[in-house]
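Since the structure comes first, as structure tokens, the remarks are kept for the end.
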Amino acid sequence: MKKTGKLISIVTAAIFAAMLLISCGALEAKPPQADGERTTAPDAAEASAPDGPMETVPVETSAPSGILTVYFSCTGNTETIAGWIQEALGGDLFQIRTADAYPEDYDELLETARQEQEAGARPALSGRVEHMEAYDTVFIGYPIWWADMPMAVYTFLEEYDLSGKTVIPFCTHGSSGFSGTQEAIAALQPGAELREGIAVRGGQAADSREEVIGWLAGLGLEGAAAGTAAASGGEIRVRFSFDGGEAAAVLNDTPTVQSLLAQLPATVTMSDYAGAEKIAYFAEALTDEGAPEGYDPQIGDVACYGPWGNMAVFYNDQPYAEGLCPMGKIESGMDLLAALPEDASVTVERIG
Ligand SMILES: Cc1cc2nc3c(=O)[nH]c(=O)nc-3n(C[C@H](O)[C@H](O)[C@H](O)COP(=O)(O)O)c2cc1C
């Protein structure tokens, strides 16, 4: 890091320290969460095709367009941003957790972090990303601690080789901004393509959703436009009506969704697939034009399986599947849809 940059970082850290002295009583730290990782990256056991016709379709453990959002967060601000990124773009979420929990007391946390930084510590982590090769875009989020990344984020960045991937940092801070941490990531991952990140003040994290979605849209990530458009309010809503109730979904504005909307309202037969999906065929096959090669669906997702041109609603977890393209999410009535009897008659209509 250049001398002037370091000087600015030291000054901002000093300002932060002074602010702390003034406002210490008002600050409250949430304890770090219990050990364990939160990732849905496909693992070897999950990567086999489910029973039924989809068996013939190759299912890969590697998702060429996969997005992983990695974050470290002690008091929840960075976690909030990470959640929005995943909500807008899909993909998987992984929380960096240390084997030894950080102190709950804020002053002790400050002191522990300071000592770790002084010692150049690399705290052991308690989980791993099982299939890093499945991702080509990795968001990495962290709070600024003493004008730097928490040492645990260094542990993470030194454990993985992100060469060939697009790496996009985001941070939350008291006042320091990135404090040269983007440069630190570039130095640790020289083979990665680093994109311009976003720095959000911790105190404003909860109100920064629009700013974050705007930044995501500006990154121009392939296949991300629809997700960010939906997240920013340009929503398309459909209702599923059936004997015994209804459900609603928010859909992304994609060619696939447009090919569905062009056929609505429509009454279709919904049947079960692999004990995990409710699938339906419309009069015309849905298009998978412009869709990613595949993706890892989450429970509640509405998707199209391109080779069959049908629509699937996921009520159980399924692994990454090539040919699957995201359409949107169920926002209400998921339980009712999941409980539909076989070959139920369902009317689908646009409501927004
Ligand atoms: C140990 C520690 C050191 C911090 N050092 C700085 C700092 O140097 N500059 C700054 O602007 N904020 C600093 N902060 C404030 C955090 O960056 C900010 O509260 C952040 O949003 C916390 O993120 P989290 O809620 O995801 O843990 C520090 C906070 C802690 C706990």
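Atoms within a ligand are numbered from 1 in the order they appear, just like the ligands themselves. In this text, all values refer to a predicted model and were calculated from it rather than measured experimentally.
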Numbered atoms and elements of ligand 1 in range of [X], under 4.0 angstrom, heavy atoms:
X	answer
L110	1 (C), 2 (C), 3 (C), 30 (C)
G202	21 (O)
T75	22 (C), 23 (O), 24 (P), 25 (O), 27 (O)
A113	1 (C)
Y106	29 (C), 30 (C), 31 (C)
T78	23 (O), 24 (P), 26 (O)
S176	7 (C), 8 (O), 9 (N), 10 (C), 11 (O)
A147	7 (C), 8 (O)

Any N/O of [X] closer than 3.5 Å to an N/O of ligand 1?
X	value
G76	yes
S175	yes
L109	no
F72	no

With a 3.5 Å cut-off and no angle check, do the side chains of [X] and [Y] form a donor-acceptor pair?
X	Y	result
E284	Q263	no
T267	T347	yes
N310	Y273	no

Heavy-atom closest contact (A247 atom, G333 atom, distance):
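Shortest heavy-atom separation between A247 and G333 comes out as CB-O, 3.7 Å.
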Tell me every residue that passes side-chain hydrogen bond (donor to acceptor under 3.5 Å, both in side chains) with E210, counting only those two or more places apart in sequence or in another chain.
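So E210 forms no side-chain hydrogen bond (donor to acceptor under 3.5 Å, both in side chains) with any residue.
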Out of curiosity, is Y71 lining ligand 1, as in a heavy atom under 4.0 Å away?
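No, Y71 has no heavy atoms under 4.0 Å from ligand 1.
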With Y281 via ring-ring contact (aromatic ring centres under 6.0 Å, His included) - residues at least two apart:
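Counting only residues at least two positions away or on another chain, Y281 forms no ring-ring contact (aromatic ring centres under 6.0 Å, His included).
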May I ask you to decide whether E87 forms a salt bridge with R209, counting only side-chain N to carboxylate O separations under 4.0 Å?
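Salt bridge flag = yes for R209 with E87.
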Using heavy-atom distances, let me know which of S73, G174, P143, G203 sits nearest atom 12 (N) of ligand 1.
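Closest candidate by heavy-atom distance is G174.
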Heavy-atom proximity to atom 18 (C) of ligand 1, best of E79, R201, H173, E116
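It is H173 that holds the nearest heavy atom.
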The single option from V348, L337, D343 passing side-chain contact (heavy atoms from CB on, under 4.5 Å) against M270:
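Answer to the side-chain contact (heavy atoms from CB on, under 4.5 Å) test with M270 among V348, L337, D343: L337.
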Dump the intermediate steps for salt bridge (charged side-chain N to carboxylate O under 4.0 Å, His left out) on D301 and K329, then the final yes or no.
CA-CA 4 Å; D301 278 6; K329 277 199 177 303; 2.4 Å; yes
Would you give the length of the straight line joining atom CG of D148 to atom CZ of F178, rounded to the nearest 0.5 angstrom?
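The distance works out to 13.0 Å.
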